[in-house]
Amino acid sequence: MFKRLFSFGRARPQRHRWDLDTELFRWPGGEPWRIRDAVEGTSIMGATGSGKTSASGKLIAESFLQNGFGGMVLTVKPDEAATWQRYCENTGRSADVIVFSPRDPWRFNFIDAELRRAGEGAGLTDNIINLLKKLVTVVGQQTGQSGADNSSDPFWPQTRDRLARFTIDLIRMSREPLTVDNIDRIISSSPSIHTQRAPDWLDTSYCVKCLRLAERYASDNDQHEYDKLNRFWTEDFAVLTTRTRDTIVTALSSMIDILNRGLLNRLFSTTTNLTPEACAEGNIIIVDLPVKEFGDVGVIAQTLWKLQFQAAVERRRVGPETRPLFLAMDEGQNFISPHDLQFVTTARSSKVATLVISQSISNYYA
């Protein structure tokens with residue numbers, strides 16, 4: 001039916017035009033829909049069976065694919081990944097599909113990727129801590145779990161962040177992989193009144209190993225930072241009472257626990273062979289952890305990808321020849337967060353189209 005009603009500008013051209021006035025398709029009345037319209041954001045609403053996914057959603061999705069967009073797809077229903085793979089096959093984009101799922105080899109250790117990515121703002125410890133807190137807060141809102149800073153006493157979040165900062169800095173300076181497991185290993189093997197009594201402690205402590213590596217790799221410019229690290233681990237943190245120390249460690253553990261569970265740990269805290277930047281190269285990443293199958297784990301995994309996709313596209317430099325991107329969310333109320341308002345208002349300058357499908361606006365309010 002839609003082949004008769006709608007006409008695409010051209011079928012998979014060898015060279016795409018990506019300025020904002022590029023036409024994607026025409027509506028039945030002849031009005032063109034351009035990249036300019038797409039990057040202002042699209043919401044499709046309708047009752048069950050009204051064709052919002054199979055008609056309007058399919059039309060817009062295939063227009064993105066046919067015009068060379070890269071993008072990311074979040075999934076709620078188990079058959080959504082297969083649906084998008086059909087869209088890609090219909091438009092000659094099958095070779096660009098990357099499916100991120102427990103069955104596939106892709107991994108995204110997003111905190112280590114943030115530490116080592118290109119760019120002047122990369123590797124900043126405070127940004128990594130804020131990223132973890134944002135993830136915990138957004139996931140807490142979507143799943144009903146508590147957020148990162150639920151203590152009424154500001155002392156504990158502040159000391160937790162200080163511990164996180166020195167732990168991440170030690171991993172960074174020692175050039176070890178930044179994983180949740182390594183964060184735990186450093187803290188659990190750090191100097192204390194009890195650990196230093198063990199006769200073989202210096203030889204078995206991962207924290208001591210990292211301090212030695214950091215000292216070896218430290219340049220003259222890093223010496224002041226290394227001295228602060230060494231003083232924190234061997235003096236400040238080491239002399240805390242057991243009760244205070246345990247409370248601070250528990251506060252940090254509760255923040256990173258989201259990545260310390262079986263599947264999430266395996267997918268997001270081991271190694272990295274896929275990042276959101278792949279979308280800018282023309283790939284379509286389908287996050288195949290549908291909420292209906294994986295529950296809160298699916299929400300957490302896809303929220304993580306969404307936050308990092310949004311951050312990556314906001315960092316990139318955009319010009320007339322820059323490839324446009326899309327973020328597609330059917331049953332999008334499962335993934336909406338407060339950050340989306342800020343993201344959508346600047347999406348035009350980032351050249352990214354957001355496609356959200358839901359039954360009604362009341363879903364967003366809920």
Side-chain angles (χ1 to χ4, degrees), residues 2-3 5-27 31-44 53-75 80-100 106 118 274-288 305-306 308-330 332 343-344 346-357:
F2 286 99
K3 288 184 179 179
L5 293 178
F6 299 93
S7 60
F8 290 95
R10 47 185 168 172
R12 190 154 174 81
Q14 294 298 313
R15 181 176 178 83
H16 294 282
R17 289 180 62 247
W18 287 322
D19 59 82
L20 293 179
D21 289 321
T22 299
E23 183 178 314
L24 298 177
F25 61 84
R26 288 181 178 267
W27 297 107
E31 182 180 357
W33 201 64
R34 300 181 169 91
I35 291 178
R36 181 184 305 279
D37 302 308
V39 297
E40 290 178 354
T42 305
S43 177
I44 302 174
T53 298
S54 60
S56 304
K58 180 176 184 290
L59 167 71
I60 293 174
E62 291 192 348
S63 78
F64 292 159
L65 298 169
Q66 199 164 38
N67 283 273
F69 284 46
M72 179 166 291
V73 180
L74 306 185
T75 59
E80 280 186 70
T83 297
W84 271 89
Q85 286 174 302
R86 284 197 302 273
Y87 294 164
C88 292
E89 183 178 357
N90 293 344
T91 54
R93 298 290 302 278
S94 293
D96 298 327
V97 173
I98 299 173
V99 178
F100 183 89
W106 306 107
L274 180 66
T275 68
E277 282 78 6
C279 297
E281 299 171 4
N283 293 293
I284 297 95
I285 298 177
I286 302 173
V287 187
D288 189 19
W305 266 112
K306 178 188 165 201
Q308 289 303 89
F309 172 85
Q310 290 174 329
V313 300
E314 288 176 327
R315 283 194 300 264
R316 69 177 187 153
R317 295 183 179 181
V318 174
E321 301 302 317
T322 303
R323 182 190 301 273
L325 306 176
F326 69 84
L327 174 63
M329 298 174 281
D330 201 346
F343 177 74
V344 172
T346 60
R348 178 172 169 177
S349 59
S350 301
K351 217 170 183 178
V352 56
T354 301
L355 173 62
V356 186
I357 302 175

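Remark: D19 pairs with R17 by the salt bridge (charged side-chain N to carboxylate O under 4.0 Å, His left out) rule, at least two apart or across chains. Residues that satisfy the side-chain hydrogen bond (donor to acceptor under 3.5 Å, both in side chains) test with T53, not counting sequence neighbours, are D330. Considering only residues two or more places apart in sequence or on other chains, R86 meets the side-chain contact (heavy atoms from CB on, under 4.5 Å) condition with A82, T83. With sequence neighbours left out, T42 forms a side-chain contact (heavy atoms from CB on, under 4.5 Å) with W33, I44, I60, L355. Taking F309 as the reference, nothing meets the ring-ring contact (aromatic ring centres under 6.0 Å, His included) condition, with sequence neighbours excluded. Contacts of K351 classified as side-chain hydrogen bond (donor to acceptor under 3.5 Å, both in side chains), with partners at least two apart in sequence or in another chain: none. Applying the salt bridge (charged side-chain N to carboxylate O under 4.0 Å, His left out) rule to R36 yields the partners D21; only residues at least two apart in sequence or on another chain are considered. Judged as a salt bridge (charged side-chain N to carboxylate O under 4.0 Å, His left out), and not counting sequence neighbours, the contacts of E40 are R348. Listed by chain and number, the residues in a ring-ring contact (aromatic ring centres under 6.0 Å, His included) with Y87 are W84 (sequence neighbours excluded). Evaluation of the salt bridge (charged side-chain N to carboxylate O under 4.0 Å, His left out) rule for E80 yields no partner, not counting sequence neighbours. Partners of R316 under the side-chain hydrogen bond (donor to acceptor under 3.5 Å, both in side chains) rule, at least two apart in sequence or in another chain, do not exist in this structure. Residues that satisfy the side-chain hydrogen bond (donor to acceptor under 3.5 Å, both in side chains) test with T354, not counting sequence neighbours, are absent from this structure.
Side-chain contact check for W106 versus I98: some heavy-atom pair is nearer than 4.5 Å. Residues D288 and F100 fail the side-chain proximity criterion, which asks for heavy atoms closer than 4.5 Å. Two residues are said to be in side-chain contact when any heavy atoms from C-beta on lie closer than 4.5 Å; L24 and F69 meet this criterion. Looking at N90 and E62, their side chains come closer than 4.5 Å, going by heavy atoms from C-beta outward. Side-chain contact between V99 and Q85: present, with at least one pair of heavy atoms (C-beta onward) separated by less than 4.5 Å. Between R323 and W18 the shortest side-chain heavy-atom distance falls below 4.5 Å. Residues K306 and L327 are in side-chain contact: their nearest non-hydrogen atoms beyond the backbone lie under 4.5 Å apart.
Nearest heavy atoms, A312 versus P276: CB-CB, 4.0 Å. Of all heavy-atom pairs spanning P32 and D37, the tightest one is O-OD2, 4.0 Å. Residues I285 and C279 come closest through the heavy atom pair CD1-SG, 3.7 Å.
For the pair R34 (side chain) and L20 (backbone), a donor-acceptor distance under 3.5 Å is absent.
The distance from atom CG of N283 to atom CD of E277, rounded to the nearest 0.5 Å, is 12.0 Å. Considering OG of S350 and CZ of R315, their distance stands at 11.0 Å, rounded to 0.5 Å. Atom OG of S43 is separated from atom CD1 of I357 by 9.0 Å, given to the nearest 0.5 angstrom. Going from atom CG of L325 over to atom CD of Q310 covers 12.0 Å, rounded to the nearest 0.5 Å. Here the straight-line distance linking atom OG of S63 with atom CD of E23 works out to 10.5 Å at 0.5 Å rounding.
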**Report entry** Stepwise side-chain contact (heavy atoms from CB on, under 4.5 Å) test for T91 and F64
**Finding:** CA-CA 10 Å; T91 54; F64 292 159; over 6 Å; no
Report task. Verify side-chain contact (heavy atoms from CB on, under 4.5 Å) between L274 and W305, making sure each step is shown before the conclusion. Result -> CA-CA 11 Å; L274 180 66; W305 266 112; 3.9 Å; yes
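In summary, D96 and R93 engage in a salt bridge, as defined by a charged side-chain N under 4.0 Å from a carboxylate O.
The one candidate from V287, I284, V352 that meets the side-chain contact (heavy atoms from CB on, under 4.5 Å) condition with M72 is V287.
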